[in-house]
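Remarks on the structure that follows.
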Amino acid sequence: MTIPLACQEQLLPGTDLIQKYALATALGYDAIELRGRGDLGLARRLPELRRARAAGVVMPTVCVEMDHFIGDFDAERSRDAVRNLRSQLSVIAELGGVGAMTPAAWGMFSRRLPPFEPPRSPAGDRQVLLDALGELGEHARAEGVTLFLEPLNRYEDHMVNRLDDAVTLCAAVGLPSVRVAADTFHMNIEEDDVHRALRAAAPYLGHVQVSDSNRYQPGAGHLDWPALVRTLLEIDYRGWLALECRLRGDPVRALHQAAAVLRHAQPRQAAA
């Protein structure tokens, strides 16, 4: 068994998704992970996305790219994030994909810089997230796809930082259509032991985004990619490895390096 590789669309040179996919496959990737902007941006791209799918472009997942998220302190902004994610789940379902991922929030509050107390209690945070995840999970289930909740590090979010935080919320929602997305960069900061954290989260782990310890492409930092991939294989992970990072050096060379590192980390298939 090997784990398929995806590359986020903004990292790939090219004028459209068809060109980007041709480059991606030449470099060793199997798919493109989309980015979902606000104001129903992904739905507005449907003509482009349908053309790409008809041309054979594989687009299994979409990562939300907005300035507000489901855990926003402002109720209207939280509702708008839910509205956008509902739309993204529907679009990815039409494309034959797997699901959409979101953090609880990004850049909204951090206990690491003053002020140290957020304007909403932990119980309030939890309820807002459970309400949003429940609604989105029901919509995802109806569409036949999955919503993935991604923990972020403590400097980018104060609510969901570790895989076990996300697992607790997914378990409370109780829907098979709500699962956890792991990001190796955030895990490198937050988890005491990334391998133990992945094993503990295994029943809920549905997606993995990859970048090295410094947020650049795999191979540019100090993460042990063979050990990480081995752990994923040991827990029978059946999702994607999606490249979400900055690129150091020439973009094409950096993308090729990342794919080579991730491919080399996986056992070779025996010849038939």
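We number each residue from 1, following the sequence as shown. Computed from a prediction, not measured in an experiment: that's the story for all the values here.
Heavy-atom minimum distance, Thr146 versus Val178: CG2-N, 4.4 Å. The nearest pair of heavy atoms linking Ala258 to Gln217 is CB-CB, 3.9 Å. Here the shortest heavy-atom pairing between Ile235 and Leu198 reads CD1-O, 3.7 Å.
Interatomic distance, Asp74 CG to Asp80 CG, rounded to the nearest 0.5 Å: 10.0 Å. Between the CG atom in Leu241 and the CH2 atom in Trp225 there is a gap of 8.0 Å [rounded to 0.5 Å].
Other residues, nucleotides and ligands contribute only 12 or fewer heavy atoms inside 6.0 Å of the CZ atom of Arg253. Within a 6.0 Å radius of CZ in Arg246, other residues, nucleotides and ligands contribute 12 heavy atoms or fewer. Annotation: His195, atom NE2; neighbour count of heavy atoms from other residues, nucleotides and ligands within 6.0 Å is above 12.
Comment: Arg45 does not engage Asp16 in a salt bridge, judged by the lack of any side-chain N to carboxylate O separation of less than 4.0 angstrom. A salt bridge is absent between Arg112 and Glu156: the closest approach of a Lys/Arg side-chain nitrogen to an acidic carboxylate oxygen does not fall below 4.0 angstrom. A salt bridge between Asp131 and Arg79 is absent, with no side-chain N of the basic residue lying under 4.0 Å from a carboxylate O of the acidic one. Look at Arg199 and Glu234 and you find a salt bridge, because one of the NZ, NE, NH1 or NH2 atoms lies within 4.0 Å of a carboxylate O, short of that distance. With respect to the salt-bridge test (charged N to carboxylate O, under 4.0 angstrom), the residues Glu190 and Arg154 qualify.
With respect to Arg141, the side-chain hydrogen bond (donor to acceptor under 3.5 Å, both in side chains) criterion is satisfied by exactly one of Glu138, His139, Glu143: Glu138. Evaluated for a side-chain contact (heavy atoms from CB on, under 4.5 Å) with Leu149, the options Leu129, Val167, Asp165, Leu133 yield exactly one hit, Leu133.
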- request: Check the pair Gln10, Glu65 against side-chain hydrogen bond (donor to acceptor under 3.5 Å, both in side chains), reporting the backbone distance first and the verdict last.
  value: CA-CA 11 Å; Gln10 78 282 0; Glu65 181 183 358; over 6 Å; no

- prompt: Run the side-chain contact (heavy atoms from CB on, under 4.5 Å) check on Leu233 and Ile3 step by step: do they pass?
  reply: CA-CA 8 Å; Leu233 292 171; Ile3 305 174; 3.9 Å; yes

query: Given the rule in the salt bridge (charged side-chain N to carboxylate O under 4.0 Å, His left out) test, do Arg86 and Glu135 qualify, once you have shown the distances and angles that lead to the verdict?
result: CA-CA 9 Å; Arg86 286 177 63 97; Glu135 177 180 341; 3.4 Å; yes

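Taking hydrophobic clusters as Ile, Leu, Val, Met, Phe, Trp and Tyr residues chained together by side-chain heavy-atom distances below 4.5 Å, Leu27 shares a cluster with Trp240. In the hydrophobic clustering of this structure, Met101 groups with Leu49; members are Ile, Leu, Val, Met, Phe, Trp, Tyr whose side-chain heavy atoms approach within less than 4.5 Å, directly or through other members. Side-chain heavy atoms closer than 4.5 Å link hydrophobic residues (I, L, V, M, F, W, Y) into clusters, and following such links, possibly through other members, connects Leu46 to Leu17. Hydrophobic clustering of Ile, Leu, Val, Met, Phe, Trp and Tyr side chains at less than 4.5 Å, counting indirect connections, unites Leu223 with Val210. No continuous path of ILVMFWY side-chain contacts below 4.5 Å connects Met66 to Leu40, so the two sit in separate hydrophobic clusters.
Applying the salt bridge (Lys or Arg N to Asp or Glu O under 4.0 Å) test to every pair with at least one member in residues 115-129, sequence neighbours left out, gives these pairs: Arg111-Glu117, Arg120-Asp125.
Contacts of Asp72 classified as salt bridge (Lys or Arg N to Asp or Glu O under 4.0 Å), with partners at least two apart in sequence or in another chain: Arg77.
When hydrophobic residues (I, L, V, M, F, W, Y) are linked wherever their side-chain heavy atoms come within less than 4.5 Å, Tyr216 remains an isolated member.
The aromatic rings of Phe73 and His158 are tilted relative to each other, their planes meeting at an angle between 30° and 60°.
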